[in-house]
K.L.:
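This is the structure, below, for whatever I ask next.
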Amino acid sequence: MGSSPQVVDWNSDGRRDMVSGDRNGYFNVFIETGSGLEAHYKMLLLNGDTINVGNNSQPAVADWDCDGRKDLLLGSQDGYIRLYLNQTTDTWPMFQDYSYIKCGGVSINQYRINPYVVDLDQDGKRDLVCGAQDGYLHFYQNVGSDTSPTFATKETLRTTTGTLIQPSGTYRVGSRCGFCDWNNDGALDFLISGYDGYIEVYLGEAVGVEEKPVKLIPVNFAISPNPAHSSINISYHLDRAVNGSLTIYDATGRQIALLESGKLTEGSHSLNWEARVQAGVYLCNLNVGAKTFTKKFILTD
């Protein structure tokens, strides 16, 4: 059982590249040149050694420490997750030493672990979801900060009807997952596959965590268009009235606009914001009770 590939803009040129682990434990990068993928096999460390985790490497690429550079997580057959922090630039990441991802001070260990970095509970902090040989999806909630993640005790994803989620097929093992908005409804969905090769889609509002079923995005928070030129549309839905706010921030964290504040009414909300600010990256925060949902958007000239 080899490693599933992931699409990522590895060299920050705006094209979709591909990264992959493999059965022999290496980490491979495939660069899109405009006329196809060019392989950069067996990525090296800064000292010239080859990156290798032993067997069945599984990569996840994310800016782990929020310094604007892509970092690398590598799952392995032995069950540990190695964290390699980027030592160079976001244009061509390079790595050297690694540390193990821990939960409660102990290194996370699941045989043939397959990590994925995603803000599953939509609280503005990236969490960790891991497939493994046992076929389940294991959720590690980030109880630290987005710049320095620390994780709560492992939980297991299940549907809101209580059924533990596993791949379909005869052999319901070797789970791997990916997250996206599959049906473009503003909610976070995910795909799961396993040893038998089937791929299944779970829509966000049908999934929770063990014994605590929750909607992944209970507010269906969305921004369009993105990127935008002169204005954006912000929409969300509330199942009940709640105190909250809707705020725009720039990339430095400075508040640009307070669009709504106080009692937010039940039902669907939609409003337009005229962007009388310079081009750049901005954040829209929707605060609903004790939770904050964040959407990043880009304004162009």
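These figures come from a predicted structure and were not determined experimentally. When a residue number appears, it is its place in the shown sequence, counting from 1.
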K.L.:
So, using side-chain contact (heavy atoms from CB on, under 4.5 Å) as the criterion, who are the partners of Asp146 when residues are at least two apart?
P.N.:
Cys66, Lys125, Arg126
K.L.:
Of Val29, Val8, Asp9, Asp17, which meets side-chain contact (heavy atoms from CB on, under 4.5 Å) against Val61?
P.N.:
Val8
K.L.:
Can you list everything that forms a ring pair (Phe, Tyr, Trp, His ring centres under 6.0 Å) with Tyr98? Sequence neighbours excluded, please.
P.N.:
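Tyr98 satisfies ring pair (Phe, Tyr, Trp, His ring centres under 6.0 Å) with Tyr84, Tyr100 once adjacent residues are dropped.
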K.L.:
For residues Pro225 and Ile232, report the shortest heavy-atom separation together with the two atoms involved.
P.N.:
O-CG2, 4.0 Å
K.L.:
For Tyr282, does the OH atom sit with more than 12 other heavy atoms under 6.0 Å from it, leaving out its own atoms?
P.N.:
yes
K.L.:
When you compare the side chains of Ser20 and Gln6, does any donor N or O come within less than 3.5 Å of an acceptor on the partner?
P.N.:
no
K.L.:
So which pairs with a foot in residues 240-281 pass ring pair (Phe, Tyr, Trp, His ring centres under 6.0 Å), sequence neighbours left out?
P.N.:
Tyr236-His269
K.L.:
Is there a path of hydrophobic side-chain contacts, each under 4.5 Å between heavy atoms, that joins Tyr136 and Tyr80?
P.N.:
no
K.L.:
Apply ring pair (Phe, Tyr, Trp, His ring centres under 6.0 Å) to Tyr111 and list each qualifying residue two or more places apart in sequence or on a separate chain.
P.N.:
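Expected list: none.
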K.L.:
Testing the basics here: between Asn142 and Asp127, what is the closest heavy-atom pair and its distance to 0.1 Å?
P.N.:
N-OD1, 2.8 Å
K.L.:
Under the rule for ring pair (Phe, Tyr, Trp, His ring centres under 6.0 Å), what residues qualify as partners of Tyr140, not counting sequence neighbours?
P.N.:
none
K.L.:
Can I get a per-line list of side-chain donor-acceptor pairs under 3.5 Å for residues 44-55, giving both atom names and the distance, sequence neighbours left out?
P.N.:
{"unit_1": "Asn47", "atom_1": "OD1", "unit_2": "Asp49", "atom_2": "N", "d": "2.9"}
{"unit_1": "Asn47", "atom_1": "ND2", "unit_2": "Asp49", "atom_2": "OD2", "d": "3.2"}
{"unit_1": "Asn52", "atom_1": "OD1", "unit_2": "Gly54", "atom_2": "N", "d": "2.7"}
{"unit_1": "Asn52", "atom_1": "ND2", "unit_2": "Asn24", "atom_2": "O", "d": "2.9"}

K.L.:
Quick one: which of Trp10, Phe95, Tyr41 gives a ring-ring contact (aromatic ring centres under 6.0 Å, His included) with Phe27?
P.N.:
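The single option meeting the ring-ring contact (aromatic ring centres under 6.0 Å, His included) with Phe27 is Trp10.
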K.L.:
Which pair of non-hydrogen atoms, one from Asn109 and one from Asp78, has the smallest distance, and what is that distance?
P.N.:
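In this case the closest contact between Asn109 and Asp78 is ND2-O, 2.9 Å.
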K.L.:
For Gln255, look at atom CD and say whether over 12 heavy atoms of other residues, nucleotides or ligands are found less than 6.0 Å away.
P.N.:
yes
